[in-house]
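Here the structure is laid out as structure tokens; the discussion comes afterwards.
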There are 2 protein chains.
Amino acid sequence: MLDFAILGLLIERPRHGYEIKRSLAQLGFWTVSFGSLYPALRRLDKRGAIEASEGTGRRKAYAITADGQELFDSLLTADPDASETDRAFQIRLAFLSQLPQHQRTRVLEHRRTKVAAQLKSARDVVVEARTESQKPDRYRLALMEHAMRSIEADMAWLDGLIASERGVGVTPRTQIT
Amino acid sequence: MLDFAILGLLIERPRHGYEIKRSLAQLGFWTVSFGSLYPALRRLDKRGAIEASEGTGRRKAYAITADGQELFDSLLTADPDASETDRAFQIRLAFLSQLPQHQRTRVLEHRRTKVAAQLKSARDVVVEARTESQKPDRYRLALMEHAMRSIEADMAWLDGLIASERGVGVTPRTQIT
DNA sequence: CGAATGTATATCGAATCGATACACCTCGCG
DNA sequence: CGCGAGGTGTATCGATTCGATATACATTCG
């Protein structure tokens, strides 16, 4: 998981640990802890997927190797299976432009069916909570409704991505500079 | 963390493991794994915070003890410190009705300042990403913007909670039955 | 100058995850 | 009737991740 993300970042350019942490946070989905990060870097190094070299001062610049490239590609290309984590999808998405068009759509569509399932169960919970005789108090009701709305927002966002995917490659219609 | 949530659920009534898992998921913020749940139950049992008794079939019904009650109260009443997790807040919220009014507001206000900080940094990231010469591709931009909007939605939701909090206790205005 | 803050790597123990095993129960269907 | 599929329930394993903390150098600023 984390390994996947690290490899993706290192493809663009070598980075040192701290910078990887920052980049991950900027993508908006993971403020990884040092206790995860540094062991992961050692893991990947031992595996030969990345290589460390001395950088400025205390820094260690990590670069991806050919093996690492291969590993990353296999992770990115792999069919998204049923047990794919939310986070796994987000990582995939962050590097989606590296996939050919038709595979991108597949990734998005697959995600959509998952989110649809989440949405259904969240809605069921809310409906049940509202009708039940033993109503949860307002705080819990608020929690449930908020969870539901978050998923609805996810869904709308995803649909937007899928729609814009269809529009790509047909007529990019770039603004005249 | 998990211990906190388990205690809160057991206050209402005894439950067995599987049921705790289900209840947690229904609150919409945690689908805890068995690998977390059962060790946690043993932990709490050893500590004397809960007590197991035989239930129907394979079930083991867990009930909270006086010690457990005390532990839960201290966790719930504790000042929310700076390092409070998102999840910790959600758990607190799920049991917030057990706190007196003025403390409830404090919990919510405290949360608000945290979310405000998150929002600011998420917005900064998006603004920077849009203006930078090295623009991230559309997928990453979409990720960042989605992250930002999620936090905005969180904020709006929280403000709603705070507002409704002010309206409580003043004039409950209950419907005539 | 010196204190505070930011950058950077590192490690520890504990919490949590994801997968899997196993046993029992119920239900529908051939 | 019997038996297979799917749901219920407890349990454990190894690996991952977290949160806290230590250390140390660099930069900024009163």
Side-chain angles (χ1 to χ4, degrees), chain A residues 1-7 9 14-26 29-47 49-50 52-62 75 78 80-91 114 121, chain B residues 1-7 9 14-26 29-47 49-50 52-62 75 78 80-91 114 117 121 124:
Chain A
M1 228 33 315
L2 178 51
D3 301 32
F4 185 17
I6 290 175
L7 290 174
L9 287 176
R15 287 169 149 99
H16 55 93
Y18 207 83
E19 198 185 351
I20 291 172
K21 183 174 155 63
R22 242 188 293 119
S23 304
L24 242 25
Q26 269 168 21
F29 58 84
W30 203 352
T31 50
V32 73
S33 69
F34 294 123
S36 309
L37 181 62
Y38 289 108
L41 287 173
R42 243 172 294 136
R43 216 153 55 216
L44 287 167
D45 193 6
K46 222 179 274 175
R47 195 174 177 153
I50 63 176
S53 64
E54 296 304 311
T56 320
R58 270 179 321 282
R59 294 182 190 175
K60 287 184 196 168
Y62 291 94
L75 287 170
D81 71 325
S83 71
E84 189 178 61
T85 296
D86 286 10
R87 198 122 77 190
F89 167 71
Q90 291 184 301
I91 297 173
K114 279 211 96 173
S121 89
Chain B
M1 224 40 310
L2 178 52
D3 301 34
F4 185 17
I6 290 175
L7 290 174
L9 288 175
R15 288 169 149 97
H16 55 93
Y18 206 84
E19 197 184 353
I20 290 173
K21 183 172 155 65
R22 242 188 293 120
S23 303
L24 243 24
Q26 269 168 19
F29 59 85
W30 205 351
T31 49
V32 73
S33 68
F34 295 123
S36 309
L37 182 61
Y38 289 110
L41 288 172
R42 241 172 294 134
R43 216 152 56 215
L44 287 167
D45 194 6
K46 224 178 272 175
R47 195 175 178 153
I50 63 175
S53 66
E54 296 304 311
T56 321
R58 268 178 323 283
R59 295 182 190 175
K60 286 185 194 169
Y62 291 95
L75 287 171
D81 71 326
S83 71
E84 189 178 62
T85 297
D86 285 11
R87 198 123 76 188
F89 167 72
Q90 290 185 300
I91 297 173
K114 280 210 95 172
S121 88
D124 286 352

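Predicted model only: the values in this text are computed from it and were never measured. Convention: sequence-line order gives letters A, B, ...; per-chain numbering from 1.
- Here D:dA11 presents its C1' atom at 11 Å from CG of B:Leu37, a figure rounded to the nearest Å.
- Every residue two or more places apart in sequence or in another chain was checked for a side chain to side chain donor-acceptor pair (under 3.5 Å) with B:Thr85, and none qualifies.
- The distance from atom CZ of A:Phe4 to atom P of D:dT17 is 13 Å, rounded to the nearest whole Å.
- In this structure, NZ of B:Lys21 is placed 12 Å from C1' of D:dT8, rounded to the nearest angstrom.
- Between A:Ile91 atom CD1 and D:dT17 atom C1' the separation is 13 Å, expressed in whole Å.
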For every nucleotide of nucleotides 12-25 of chain C, 5' to 3': is a protein heavy atom under 4.0 Å from its base (B), only from its sugar-phosphate (S), or from neither (-)? B--SBBBS----B-
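- When the C1' atom of D:dT16 is taken as reference, atom CD1 of A:Ile6 falls 12 Å away, rounded to whole Å.
- Annotation: side chain of B:Leu41 is in contact with side chain of B:Ile20 (closest heavy-atom distance under 4.5 Å).
- Between B:Ile20 atom CD1 and D:dT10 atom C1' the separation is 12 Å, expressed in whole Å.
- OP1 or OP2 of C:dT9 has at least one side-chain nitrogen or oxygen of A:Tyr38 nearer than 4.0 Å.
- For the pair A:Asp45 CG and C:dA10 P, the interatomic distance rounds to 11 Å; values are reported in whole Å.
- Qualifying salt bridge (Lys or Arg N to Asp or Glu O under 4.0 Å) partners for A:Asp45, counting only residues two or more places apart in sequence or in other chains: none.
- In this structure, the ring-ring contact (aromatic ring centres under 6.0 Å, His included) partners of B:Phe4, at least two apart in sequence or on a different chain, are B:Phe72.
- Checked against side chain to side chain donor-acceptor pair (under 3.5 Å), B:Glu19 has the following partners two or more places apart in sequence or in another chain: B:Arg13.
- In this structure B:Ser36 satisfies the side chain to side chain donor-acceptor pair (under 3.5 Å) test together with B:Ser33, sequence neighbours excluded.
- Look at CZ on A:Arg42: it is 7 Å from C1' on C:dA10, rounded to the nearest Å.
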